[in-house]
K.L.:
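Dropping a structure here in structure tokens format, bear with me for questions.
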Protein chains: 2
Amino acid sequence: MNETMVFERFIESKGLKHSKPRLGILDVFLNIEKHMSIDELWAAVRIKHPSIGYATVYRTLKLLCEGGLCRELHFEDGTTRFEHLYGHDHHDHLICTECGRLVEVVDEKIEALQVKLMRRHGFSPKYHRMDLYGTCKNCRKSEP
Amino acid sequence: MNETMVFERFIESKGLKHSKPRLGILDVFLNIEKHMSIDELWAAVRIKHPSIGYATVYRTLKLLCEGGLCRELHFEDGTTRFEHLYGHDHHDHLICTECGRLVEVVDEKIEALQVKLMRRHGFSPKYHRMDLYGTCKNCRKSEP
DNA sequence: CTCTATGCAAAACCTTTGCATAGAA
DNA sequence: TTCTATGCAAAGGTTTTGCATAGAG
């Protein structure tokens, strides 16, 4: 069961149809191994499939999110980016404020405490988002 | 040293000028005790100061952020909101996905682990953002 | 006086949608 | 044949800016 199969089943379950553009976009999406903006994805899609329009990329991205293959993230700087979701376990982000480097991390102790914290306030946990900002080793070397 | 003084000093430090609209907007801003959108702030400003334009609210809000009085937050649902910053210690958010209720919290254990986590990856911590989503007690009562 | 702040309106952006046509089932 | 999908272009919505005038220092 890979991403493409998940997507095809999702398409079927919604009574939608298969199409080349959708599979082409999915393929390009899966081969970009970072958090991408719609424009970045579109640019990459155009290289392989010049005839695909922006609107189709846009609509397919929404489908991917709905189908659990993609997650839309809104960052502190106001940008919107998308990341792979299927087969990727939950993770949080370390982000370098100098160079933008992004590291995916999970800290089980923090995860457990987050659940406790929510329960303590009467919440039933569903999901969360944690972004930790700072300067990475490299950036501190060059600019002391 | 209150917010208004902080703002005036900030204005001076940047070689800018005092003005009634700016102080009026700051005053209204400070009296809204929740995370507000630009439009909500503008609506509130218009009641007290009908002649102030949207652009001035917009530009003043940017100044407030720059001056450390206000923080711009981008939420998972794509909305942008602003919260008071000066005199408010750092905090994280619990957000009800049903009713939108927002609780400000701090968990010292989590804070400490976040710092450790960053250090472990070679980052020097600057700030972070943690939003925990779930359903609150009330919403689970009404819809079981 | 001189330089900044303001209100207005328009521009720039980004996101989303309508529609006629192409394509899947 | 009967739907849905697509590309294009245009509409929406929000954020940002230019400019002439008002206002602060």
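Any value given below was found using the heavy atoms of this structure, including those in side chains, with hydrogens, waters and symmetry copies removed. Naming convention: chains lettered A, B, ... in sequence-line order (proteins, then strands); numbering from 1 in each chain.
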K.L.:
Could you run down nucleotides 8-17 of chain C 5' to 3' and tag each one B, S or - for protein heavy-atom contact under 4.0 Å?
P.N.:
B------SBB
K.L.:
Whole angstrom is fine here: how far is it from CD in Glu8(B) over to P in dT4(C)?
P.N.:
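It is 19 Å, rounded to the nearest whole Å.
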K.L.:
In whole Å, what is the span from the CG atom of Leu64(B) to the P atom of dA5(C)?
P.N.:
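Computing the Leu64(B):CG to dA5(C):P distance gives 14 Å.
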K.L.:
Does a side-chain N or O from Arg22(A) land closer than 4.0 Å to OP1 or OP2 of dT4(D), or not?
P.N.:
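False: Arg22(A) side-chain N/O out of range (4.0 Å or more) of dT4(D) OP1/OP2.
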K.L.:
Is the shortest heavy-atom distance from the side chain of Arg22(B) to the side chain of Leu63(B) under 4.5 Å?
P.N.:
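A side-chain contact under 4.5 Å exists here.
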K.L.:
Can you confirm whether Lys109(B) is buried at NZ, in the sense that more than 12 heavy atoms of other residues, nucleotides or ligands lie under 6.0 Å from that atom?
P.N.:
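It does not: Lys109(B) NZ has 12 such atoms or fewer within range.
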K.L.:
How about Leu23(B) and Glu8(B): do any of their side-chain heavy atoms sit closer than 4.5 Å?
P.N.:
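They are in contact (side-chain heavy atoms under 4.5 Å apart), so the answer is yes.
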K.L.:
Group every Ile, Leu, Val, Met, Phe, Trp and Tyr by side-chain heavy-atom contacts under 4.5 Å, then state whether Leu30(A) and Phe10(A) land in the same group.
P.N.:
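Leu30(A) clusters together with Phe10(A).
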K.L.:
Rounding to an integer number of Å, can you tell me how far Leu63(A) CG sits from dT4(D) P?
P.N.:
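After rounding, the reported distance stands at 14 Å.
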K.L.:
Do Gln114(B) and Met130(A) pass the side-chain contact (heavy atoms from CB on, under 4.5 Å) test, and can you show the C-alpha distance, the side-chain angles, and the key distance before you say yes or no?
P.N.:
CA-CA 10 Å; Gln114(B) 286 168 330; Met130(A) 181 170 86; 3.1 Å; yes
K.L.:
Which whole-number value in Å describes the distance from Lys14(A) NZ to dA24(C) C1'?
P.N.:
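Computing the Lys14(A):NZ to dA24(C):C1' distance gives 18 Å.
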K.L.:
Expressed in angstrom and rounded to an integer, what is the separation of Leu26(A) atom CG from dT6(D) atom P?
P.N.:
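Rounded to the whole Å, the gap is 13 Å.
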K.L.:
Looking at Thr135(A), is its backbone amide N or carbonyl O close enough to the side chain of Arg140(A) to form a donor-acceptor pair, meaning the two atoms are under 3.5 Å apart?
P.N.:
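Yes, Arg140(A) side chain to Thr135(A) backbone: donor-acceptor pair under 3.5 Å.
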K.L.:
Who passes ring pair (Phe, Tyr, Trp, His ring centres under 6.0 Å) against His74(A), sequence neighbours left out?
P.N.:
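Once residues adjacent in sequence are excluded, His74(A) has no partner under the ring pair (Phe, Tyr, Trp, His ring centres under 6.0 Å) criterion.
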K.L.:
Let me know the distance between CG of Leu23(B) and P of dT4(C), rounded to the nearest Å.
P.N.:
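Interatomic distance, CG of Leu23(B) to P of dT4(C): 19 Å.
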K.L.:
Is it the case that over 12 heavy atoms from other parts of the model lie below 6.0 angstrom from the NZ atom of Lys20(A)?
P.N.:
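Atom NZ in Lys20(A) is not packed in, count stays at 12 or less.
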K.L.:
Can you find a pair of side-chain heavy atoms, one from Glu104(B) and one from Glu83(B), that are under 4.5 Å apart?
P.N.:
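Yes; the side chains approach each other to less than 4.5 Å.
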K.L.:
According to ring pair (Phe, Tyr, Trp, His ring centres under 6.0 Å), does anything in residues 33-62 of chain B pair up with another residue at least two apart or in another chain? List the pairs.
P.N.:
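Output for this query lists His35(B)-His93(B), Trp42(B)-Tyr54(B).
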K.L.:
Sugar-phosphate atoms are those with a prime plus P, OP1 and OP2; base atoms are the rest. Using that split, label each nucleotide of nucleotides 20-25 of chain D B, S or - for protein heavy atoms under 4.0 Å, 5' to 3'.
P.N.:
---BBS
K.L.:
Roughly how bent is the helix from dC1(C)-dG25(D) to dA25(C)-dT1(D) end to end, in steps of 10 degrees, with each end axis from five pairs?
P.N.:
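Between the axes fitted at each end of the helix from dC1(C)-dG25(D) to dA25(C)-dT1(D) lies an angle of 30°.
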K.L.:
Please report, rounded to the nearest Å, how far the P atom of dT6(D) is from the CH2 atom of Trp42(A).
P.N.:
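Checked: the CH2 to P distance equals 15 Å.
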K.L.:
Step by step, work out the side-chain contact (heavy atoms from CB on, under 4.5 Å) result for Lys141(A) and Asn138(A).
P.N.:
CA-CA 5 Å; Lys141(A) 239 181 271 168; Asn138(A) 286 342; 3.8 Å; yes
K.L.:
Is it true that Asp107(B) and Arg120(A) make a salt bridge, defined as a side-chain N closer than 4.0 Å to a carboxylate O?
P.N.:
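A salt bridge is present here (some side-chain N lies under 4.0 Å from a carboxylate O).
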K.L.:
Please state how far atom NE2 in His74(A) lies from atom P in dT15(D), giving the value in whole angstrom units.
P.N.:
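Computing the His74(A):NE2 to dT15(D):P distance gives 13 Å.
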K.L.:
The test is side chain to side chain donor-acceptor pair (under 3.5 Å); show your working for Glu111(A) and His90(A) and say whether it passes.
P.N.:
CA-CA 10 Å; Glu111(A) 300 287 322; His90(A) 158 75; 3.1 Å; yes
K.L.:
Have Thr79(A) and Asp77(A) got a donor and an acceptor in their side chains that come within less than 3.5 Å?
P.N.:
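Their side chains do contain a donor-acceptor pair, which is all the 3.5 Å distance test asks for.
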K.L.:
When you compare the protein's N or O atoms with those of nucleotides 10-12 of chain D, which come within less than 3.5 Å of each other, and at what distance?
P.N.:
none

